[in-house]
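First comes the structure, then the notes that go with it.
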Amino acid sequence: MNAYRRAGFLRYSAIQFVALAGIAMACYAGGTWSDRFAPHYELAHNFLSDLGATRAFSGRANYASVIPFAVALVTIGAALIAFAWCWRDVAFDRGRARALGIASALAGTASGAAFVGIALAPIDRALHLHVDLVIAAFALLFVYVACLAVVMWRNGVGHFVPNAIYMVLVAAYVAMVVAGPRIDAEHGLVVQVVGQKLVVGGSMIYVVFLTTAIRRRLAVTG
């Protein structure tokens with residue numbers, strides 16, 4: 001699969017993630033961290049990770065939500081792994097910053113693997129591993145984008161400003177998860193839940209923007 005198709009696969013996976021997450025929310029079996037009697041998924045009180053729990057906070061089986069959510073995570077993780085190794089085609093026109101290009105590929109691969117791992121470690125079965133994988137996935141994603149942004153800049157490819165904006169968003173989210181309010185603190189749950197959705201939504205927008213721009217450039221340069 002060439003770089004043009006890999007970029008298309010990553011863009012497709014981002015769009016699919018939004019669609020499948022929406023389906024998983026509609027199928028969620030109910031309950032939140034603070035209210036097990038909540039009848040359905042609540043945008044401000046349920047993490048996206050709740051969609052992957054085999055048993056919801058309501059106590060009911062949640063496989064109708066687990067399946068689309070797991071497919072979404074595995075697909076976007078696999079697509080990121082595939083795309084990460086295209087840096088020579090999409091960001092290396094002048095042959096500069098090779099070491100950072102390799103670093104970006106390694107970080108992107110590890111981030112993609114962590115997203116796949118999130119799907120395989122539901123919060124009701126492996127909470128601590130799940131949280132560690134979430135932090136690792138986004139921290140490594142920050143490293144990936146940072147390295148790729150510098151490679152693109154050194155090689156005159158452009159898009160540095162969107163990359164920088166996205167890096168700030170991801171860094172802020174990782175900081176919030178590590179040092180932000182606990183979910184058992186006043187308003188802590190809402191802050192963490194909303195923050196997660198903002199970074200995930202921003203990630204999907206960024207992926208669609210970047211892959212579309214790269215596909216257009218590759219189509220012109222052949």
Side-chain angles (χ1 to χ4, degrees), residues 14 17-18 20-66 68-70 72-73 76-77 80 107 110-146 164-207:
F17 184 93
V18 175
L20 291 181
I23 293 171
M25 289 177 189
C27 296
Y28 181 67
T32 72
W33 285 82
S34 58
D35 179 12
R36 65 184 298 266
F37 297 105
H40 50 70
Y41 187 88
E42 296 186 2
L43 289 174
H45 294 89
N46 282 109
F47 288 100
L48 289 172
S49 298
D50 297 351
L51 300 172
T54 59
R55 189 164 295 276
F57 288 107
S58 64
R60 292 181 290 166
N62 191 45
Y63 292 104
S65 175
V66 169
F69 185 63
L73 279 172
I76 201 163
L80 179 57
S111 179
F115 280 114
V116 173
I118 292 170
L120 302 177
I123 59 171
D124 61 321
R125 300 286 182 87
L127 176 60
H128 295 297
L129 175 60
H130 182 95
V131 172
D132 289 344
L133 286 169
V134 169
I135 295 172
F138 281 99
L140 288 163
L141 186 61
F142 174 85
V143 175
Y144 168 67
V145 175
I165 293 172
Y166 181 64
M167 283 188 287
V168 170
L169 177 64
V170 174
Y173 174 68
V174 172
M176 184 190 70
V177 171
V178 174
R182 295 170 54 90
I183 62 174
D184 56 358
E186 184 178 8
H187 306 305
L189 177 61
V190 173
V191 170
Q192 291 283 351
V193 167
V194 173
Q196 183 196 58
K197 288 185 173 63
L198 287 175
V199 76
V200 171
S203 296
M204 299 306 109
I205 293 171
Y206 170 78
V207 166

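Since the structure is predicted, the reported quantities are computational estimates derived from the model, not experimental observations.
Closest of all the heavy-atom pairs between Ala29 and Ala56 is CB-CB, 3.8 Å. Taking both residues in full, the closest heavy atoms of Leu51 and Ala21 are given as CD1-O, 4.0 Å, listed atom of the first, atom of the second, then distance. Contact record, Ser65 with Ala24: OG-O, 3.1 Å, taken as the closest heavy-atom pair. The two residues Leu129 and Ala121 make their nearest non-hydrogen contact at CD2-CB, 4.0 Å. Considering all non-hydrogen atoms of both residues, Pro181 and Gly188 come closest at CB-CA, 3.9 Å. Taking every heavy atom of both residues into account, Phe115 and Gly77 meet most closely at CB-CA, 4.1 Å.
The distance from the CD1 atom of Ile135 to the NE2 atom of His130 is 10.5 Å, given to the nearest 0.5 Å. One distance of note links NE2 of His45 with CG of Asp35; it measures 8.5 Å at 0.5 Å rounding. For the atom pair Phe57 CZ and Ile123 CD1, the distance stands at 4.5 Å (nearest 0.5 Å). Considering CD of Glu42 and CH2 of Trp33, their distance stands at 15.0 Å, rounded to 0.5 Å. How far CG of Leu169 is from CD1 of Ile165: 10.0 Å, rounded to the nearest 0.5 Å. The CG atom of Leu20 lies 11.5 Å from the CE atom of Met25; values are rounded to the nearest 0.5 Å.
With contacts defined as side-chain heavy-atom distances shorter than 4.5 Å, the pair Leu48/Val200 qualifies. Contact annotation: the side chain of Tyr28 never approaches that of His40 to less than 4.5 Å [non-hydrogen atoms, C-beta and beyond]. Inter-residue side-chain proximity for Ile76 and Val207 is flagged as unmet; no heavy-atom pair is nearer than 4.5 Å. A 4.5 Å side-chain heavy-atom check between Phe17 and Leu73 finds at least one atom pair inside the cut-off.
Of the possible donor and acceptor atoms, none in the side chain of Gln196 sits under 3.5 Å from a partner among the backbone N and O of Val177. With hydrogens and angles disregarded, no donor-acceptor distance shorter than 3.5 Å links the side chain of Ser111 to the backbone of Leu140. Put simply, the side chain of Asn46 never gets that close to the backbone of Tyr41: no donor and acceptor are under 3.5 Å apart. With hydrogens and angles disregarded, no donor-acceptor distance shorter than 3.5 Å links the side chain of Asp124 to the backbone of Ala53.
Applying the ring pair (Phe, Tyr, Trp, His ring centres under 6.0 Å) test to every pair with at least one member in residues 168-206, sequence neighbours left out, gives these pairs: Phe138-Tyr173, Tyr166-Tyr206. Note on residues 165-185: pairs passing salt bridge (charged side-chain N to carboxylate O under 4.0 Å, His left out), not counting sequence neighbours, are Arg182-Asp184.
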